[in-house]
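For reference, the structure discussed in these notes is given below.
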Amino acid sequence: MNDSGEKPIIAVIGNGMVGHKFLEYLVENNAGDTFEIVCFCEESRVAYDRVHLSEYFTGKSAEDLSLVVPNYYEEHGITIFIGDPVEKIDRENQQLISAQGRKFNYHKLVFATGSYPFVPPIPGKDREHCHVYRTIEDLEAMQASGKTSKVGAVVGGGLLGLECANALKNMGLKTHVVEFAPRLMTVQVDDGGGAMLRSKIESLGVVVHTSKNTQNITEGEQCRYKMEFADGDALETDMIVFSAGIRSRDSLAGSCGLELGARGGVVIDNTCQTSDKNIYAIGECALWNNAIFGLVAPGYQMAKVAAENILGDTEAAFTGADMSTKLKLMGVDVASIGDAQCRSQGAKAYTYVDEPNEVYKRIIVSEDRKYLLGAVLVGDVDDYGTLLQMMLNGLPLPEFPDSMILPRREGDAAPAGLGVDALPDTAQICSCHDVSKAQLCEAITGGNTTVAQLKSCSKAGTGCGGCVPLVTQLLNSELVKQGIEVNTDICEHFPYTRQELYHLVRVGKIKTFDELLDKHGRGHGCDICKPAAASIFATCWNDYVLKNEHAALQDTNDHFLANMQKNGTYSIVPRVAGGEITPEKLIVLGEVAKKYNLYTKITGGQRIDLFGAQVHELPLIWKTLVDAGFETGHAYGKSVRTVKSCVGSTWCRYGVLDSVTMAIDIENRYKGLRAPHKLKFAVSGCTRECAEAQSKDVGVIATEHGWNLYVCGNGGMKPRHADLFATGLDDATLIKYIDRFLMFYIRTADRLQRTSVWMENLEGGLDYLREVIVDDKLEICDELEKEMQHVVATYECEWKATVEDPEKIKRFRTFINSDKKDDTVVFVEERKQIRPATKEEKIHFKQLAETA
Amino acid sequence: MNAVLTESENNGSVSLVWETICNIDELVPNIGARALLGDTQIALFKVDDNVYAIDAYDPFSEAAVLSRGIVGDLKSEIVVASPIYKQHFSLKTGICIEDPSVNVKAYAVRVVDNMVQLGYEPKD
């Protein structure tokens, strides 16, 4: 391709979040019909979510972070050149040349080159193990340094700096934050908020140094390096990450003569046009009204304005952006709204400080106390959504503005003006994707009645995620207002959700299905509610599942304590805790398989599966297995399956802790636990992660500082990496957290909802889960532990109980009136083992039999 | 104890032959049992003092599994859910609820002196 293209060309330089958003706007407006669209991407991968970059450290992959749906560009006729930055622009001839020599004559050119991390000119800043924090490659380099470091320092105590500090802390490093200004997060919070933030972060073990001007980085004595400060102090550290602000990547723009700001930035007007009318600049490289906007939402607004102007809508204008933010740094909630520093003319502030609970709240109001101008919240940011909307929409404050931040005690009426109903239709609920209240209401009317549906159809809540509580509030309020009823009943027999049924059973001490049906249901029940109730009874009371009153509730797998396969035969999986098995037991399995002619296969969970047993064979097989010391493996149940492990420190030269013993202990603790869905675990003995713990519901990985606990991962149809939940745990704390986590999941999940989906639907997500399980926010942890203790204490092997009970064995007859075998079950041999015959093979055999 | 299809309901065109299968007490309420009627596999169910009999062979999975499904009701119709792909079959008629164009055979059942008997048309 060269300048002979027929359609005029729109060229985009940069494929970051904003550059990609710009392309999306072009696609939405069918710009491809009129223009040829090309984009130059300097990095080795297409646009990814830099806002959530730190999640790369907690298990998200580069693909997880990608913002571009596979084939999106191809399908929409956009040509993208990856790893090929633009090097030269000839504005006179409207021509650009890329590093790889591609030449294009552009009609319009858009700079979305973003920013680069500012590194103060300190001697020694370029040493090895000195990093910045901007790209996935930067994170990979940080990770590599972290492995050979014990102490880490972050230069810069702003938002990104604290995120870096969290990453270092999670890598197990002794972490320091070095800030030039007298307080943390100078841009977003005031002195009081900064002090509260500091005390909270320090209590987490991160050392904060403020008013420190680093002058030199030299060789260290205890550590790799020594940072020397202007005041004579020094700090020893093994690695350094610079996060001291950003600068516009404006060198290309400058070299082709576009107007730049005194301190950098490509100057743009309200239409995002630069000093050249054919060239636009958007995002962090652009300077509007002498300001650079280092957040994604204003960048997205610029992308929209530029796209609309290029496509002919000259009305579209960028008129500044709200820089309010809410975030969680190292588990500390911080929010900043509007004029957080109280700089407006005549502004007055109200401040509430709760030292014992480490909460700081401050609101800035107009001189006449009628309107909210800004706010700072530390430690409790529940009111962020409401306050932000009040400020943005100029809603009047209540008579006593301090009621907005004073704690609401029981009996207090909610202060006036709060709540989503008070917002005008035009209120922007999601600032990242510019979604208004009216748009969301329309989507709700259109049948999107869950938060997940709203997120996927409107994109609201999928940027920074800060508006999700507000979206949820709006959804609930609209559903009530529009009289839309969402039927969450488990089935036609019970007008309750699984969670409600669980509660009814637990609190009402209901022990049987008949009693449950009698008190709370109708009809006979069905294949939905019966197994759900059986599972709830099993968790709550842990009776033998084939007890007369429970037997009819079980799925065939639970009924015959084996896994039904496609031809109606069963497979048998004895428990092999942690995947550890003696030669003697292996031989028993081999002998049983040989005697009953069973197909034998190793499972993904480090056990052995024996296939092809008919119903009447199951008790015979299990008698042998139980006598040899095997227990049931619950492979048939919605229950705890396996705890996979690597060999760990006992054998492996890299092992840090004894993963096998931990895996066996965990498996023996939770074996038999029934849950809304199957549960898989794994324990790895070091961060090489050979047990693949990050793909499990509960994953445990050994580090030099103790166990790291991951939760809510799964493989299967929609794989999900587990989230890092807690780090550096001792054995007892690890078990305590897993106890609480599992019981909380069992208590609140829907039927057949795996932990991953459960967590994604949990309002407040991972942070909320930590509050419940680590901080005991709901004050239920004692109860959860007791409930788990009951299950652990009352465990019995279902197969042992069954083979010891002649009455139960009677149910394992193939025919009630004959001792014949099921002749519809036909096997053929393949690779020296049996497999079910295909339909054609069965017909063939039948014909043979008939002609014989 | 009721049988589902009685002789009189069977239009009387062909008189049925009755085969005794088992004692009624051998059937556990709401749990299916499998029986052989000649070479044919039958799924037997005792629900609310009624006894039902349909083919055990599930046309969807092509395996004889219907006696091992969970029994229940859907909009008052007594059904069994196939344990393999979860389709529901009416125990009275054998018709599949999800796809009424598919059905399994429902058999005449009666209980005589506590013995469960299945009725079938004699072969010529």
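Since this is a predicted model, take the numbers as computed values, not measurements.
Both the backbone and the side chain of A:D527 come within contact range of chain B, each with at least one heavy atom under 4.5 Å from a heavy atom of that chain. Only the backbone of A:L553 has a heavy atom closer than 4.5 Å to any heavy atom of chain B. No part of A:V825 comes within reach of chain B, as not one of its non-hydrogen atoms sits under 4.5 angstrom from that chain. Residue A:N557: no heavy atom, backbone or side chain, is found under 4.5 Å from chain B. B:A33 touches chain A through its side chain: at least one heavy atom from C-beta onward sits under 4.5 Å away, while N, CA, C and O do not. Proximity to chain B is limited to the side chain of A:R813, based on heavy atoms less than 4.5 angstrom apart. Using a 4.5 Å cut-off between heavy atoms, B:V79 does not touch chain A at all. In this structure, chain A has heavy atoms under 4.5 Å from both the backbone and the side chain of B:L74. Of the two parts of B:V28, only the side chain, counted from C-beta on, holds a non-hydrogen atom closer than 4.5 Å to a non-hydrogen atom of chain A.
The candidate from A:K566, A:K810, A:K839, A:E492 with the greatest count of non-hydrogen atom pairs under 4.5 Å with chain B is A:E492. The choice from A:G568, A:A551, A:C529 that makes the most heavy-atom pairs within less than 4.5 Å of chain B is A:G568. Between chain B and the residues A:T824, A:D822, A:D555, the largest count of heavy-atom pairs under 4.5 Å involves A:D822. With chain A as the partner, the residue from B:V65, B:T20, B:V80, B:I31 showing the most heavy-atom pairs under 4.5 Å is B:I31. Of the listed residues (B:S76, B:G69, B:A35), the greatest number of heavy-atom pairs within a distance under 4.5 Å of chain A belongs to B:A35. When the candidates B:K75, B:E62, B:Q41, B:R68 are compared by the number of heavy-atom contacts under 4.5 Å with chain A, B:R68 comes out ahead.
A donor-acceptor contact closer than 3.5 angstrom links the side chains of B:D48 and A:H524. Between the side chains of A:Y544 and A:T802, at least one donor N or O sits under 3.5 Å from an acceptor N or O. Side-chain atoms of B:D55 and B:Y107 form a donor-acceptor pair, as typed in the model, at a separation below 3.5 Å. Defined by atom type and a distance below 3.5 Å, a donor-acceptor pair is present between the side-chain atoms of A:N567 and A:T569. Of the N and O atoms on the side chains of A:Y636 and A:E798, at least one donor lies less than 3.5 Å from an acceptor on the other residue.
Dense packing is recorded around CZ of A:F845, with more than 12 heavy atoms of other residues, nucleotides or ligands lying under 6.0 Å away.
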Stepwise side chain to side chain contact (heavy atoms under 4.5 Å, CB included) test for B:T40 and B:Y120: CA-CA 11 Å; B:T40 309; B:Y120 64 97; over 6 Å; no
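Distance OH/B:Y52 to CG/B:L44: 13.0 Å, rounded to 0.5 Å. In this structure, A:F560 CZ and A:L546 CG are separated by 9.0 Å, a value rounded to the nearest 0.5 Å.
For B:E121 and B:K105, the salt-bridge test fails: no basic side-chain N is under 4.0 Å from an acidic carboxylate O.
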